[in-house]
Amino acid sequence: RIIAINLKGARNCTRAVVNHMIERGSGKIVNFASMAGVVGVPNVADYSAAKAGIISFTKALAKELYPHGIQVNCISPSGVLSERMLAALERMSASGKPIPEMFNPERMATPEELAKVVLFLVSEDIRSIAGANIIVDNAKGV
């Protein structure tokens, strides 16, 4: 289920738009992965694998689509400081399970910060970045 939602979801969204972009001769695709896909996180191996797959999918697709004027990049946050994430952290803490350092709220980006990274990647001024995995991780104290 985790792989279907994450990895297949990214593939399905790309399939929905890529032919239109090829016809137009331009486009920008920004996928979302996670630091879990970069470093692997204990107890969520399926999630880590799905996110690593998105990173690899992005790199391969960038090479395939760049000749058509389409840039494909990826963003990997350590976490997003949202209400949903804060609730999940509360549940983890209450269960007694250790919370991985990458999910420390001090390291997480806000949705607004991630939106700015997306805006940077889709800017018309950015033509030479393709296949990148932009890591958004305030590695404070690490």
Side-chain angles (χ1 to χ4, degrees), residues 1-22 24-66 68-142:
R1 182 174 181 269
I2 295 295
I3 290 172
I5 290 169
N6 289 279
L7 183 54
K8 290 181 180 178
R11 183 199 64 196
N12 292 341
C13 287
T14 298
R15 280 185 175 172
V17 299
V18 75
N19 287 334
H20 302 290
M21 291 180 175
I22 289 172
R24 198 173 60 225
S26 67
K28 309 260 186 164
I29 296 172
V30 179
N31 292 315
F32 273 84
S34 167
M35 280 300 295
V38 176
V39 300
V41 176
N43 303 314
V44 289
D46 50 353
Y47 179 79
S48 296
K51 294 303 187 175
I54 292 172
I55 295 166
S56 185
F57 174 70
T58 297
K59 291 177 179 298
L61 201 59
K63 292 174 183 173
E64 184 177 329
L65 296 177
Y66 196 78
H68 298 283
I70 302 166
Q71 292 168 261
V72 186
N73 290 293
C74 185
I75 300 172
S76 288
S78 59
V80 181
L81 196 55
S82 64
E83 289 180 26
R84 182 177 175 200
M85 178 58 87
L86 291 172
L89 290 172
E90 276 186 38
R91 287 192 303 275
M92 275 194 256
S93 181
S95 74
K97 290 182 181 177
I99 299 172
E101 177 57 29
M102 66 181 280
F103 295 126
N104 178 336
E106 290 182 12
R107 290 180 64 176
M108 291 185 202
T110 65
E112 294 79 12
E113 288 174 308
L114 292 177
K116 289 177 183 178
V117 178
V118 172
L119 288 173
F120 167 75
L121 290 173
V122 300
S123 165
E124 291 301 318
D125 297 332
I126 306 303
R127 295 188 321 213
S128 60
I129 299 176
N133 179 33
I134 308 296
I135 294 173
V136 181
D137 177 35
N138 177 10
K140 182 178 179 181
V142 176

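Ala132 and Thr58 make their closest contact through O-CG2, 4.2 Å (heavy atoms, listed as atom of the first residue, atom of the second, distance). The two residues Gln71 and Lys28 come nearest to each other via the heavy atoms OE1-NZ, 2.9 Å. The two atoms that bring Tyr66 and Ser128 nearest to each other are OH-CA, 4.3 Å, heavy atoms only. The minimum heavy-atom distance linking Ser34 with Ile55 is given by the pair O-CD1, 4.3 Å. Contact between Ser76 and Ala33 at its shortest, heavy atoms only, is OG-CB, 3.4 Å. Taking each heavy atom of Leu81 and Met108 in turn, the nearest pair found is N-CB, 3.9 Å.
Interatomic distance, Asn6 CG to Phe57 CZ, rounded to the nearest 0.5 Å: 13.0 Å. Here the OG atom belonging to Ser48 is positioned 10.5 Å from the CD1 atom belonging to Ile2, to the nearest 0.5 angstrom. Between Glu112 atom CD and Lys116 atom NZ the span is 8.0 Å, to the nearest 0.5 Å. To the nearest 0.5 Å, atom CD1 of residue Ile126 and atom CD1 of residue Ile129 are 5.0 Å apart. Atom OG of Ser26 and atom CD of Glu124 lie 7.0 Å apart (nearest 0.5 Å). Between Leu114 atom CG and Leu119 atom CG the span is 11.0 Å, to the nearest 0.5 Å.
Residues Val72 and Ile70 are in side-chain contact: their nearest non-hydrogen atoms beyond the backbone lie under 4.5 Å apart. By the 4.5 Å heavy-atom criterion applied to side chains, Val80 and Met85 are not counted as neighbours. Under the 4.5 Å side-chain criterion, counting only non-hydrogen atoms from C-beta, Asn31 is not in contact with Asn73. Between Ile134 and Leu121, the closest side-chain pair of non-hydrogen atoms falls below 4.5 Å.
Around the CG atom of Asn12, the shell of radius 6.0 Å holds more than 12 heavy atoms that belong to other residues, nucleotides or ligands.
For Ser95 (side chain) and Met92 (main-chain N/O), a donor-acceptor pair under 3.5 Å exists by modelled atom type.
Take Val118 and apply the side chain to side chain contact (heavy atoms under 4.5 Å, CB included) test, not counting sequence neighbours, and it matches Val30, Phe32, Ile75, Val122.
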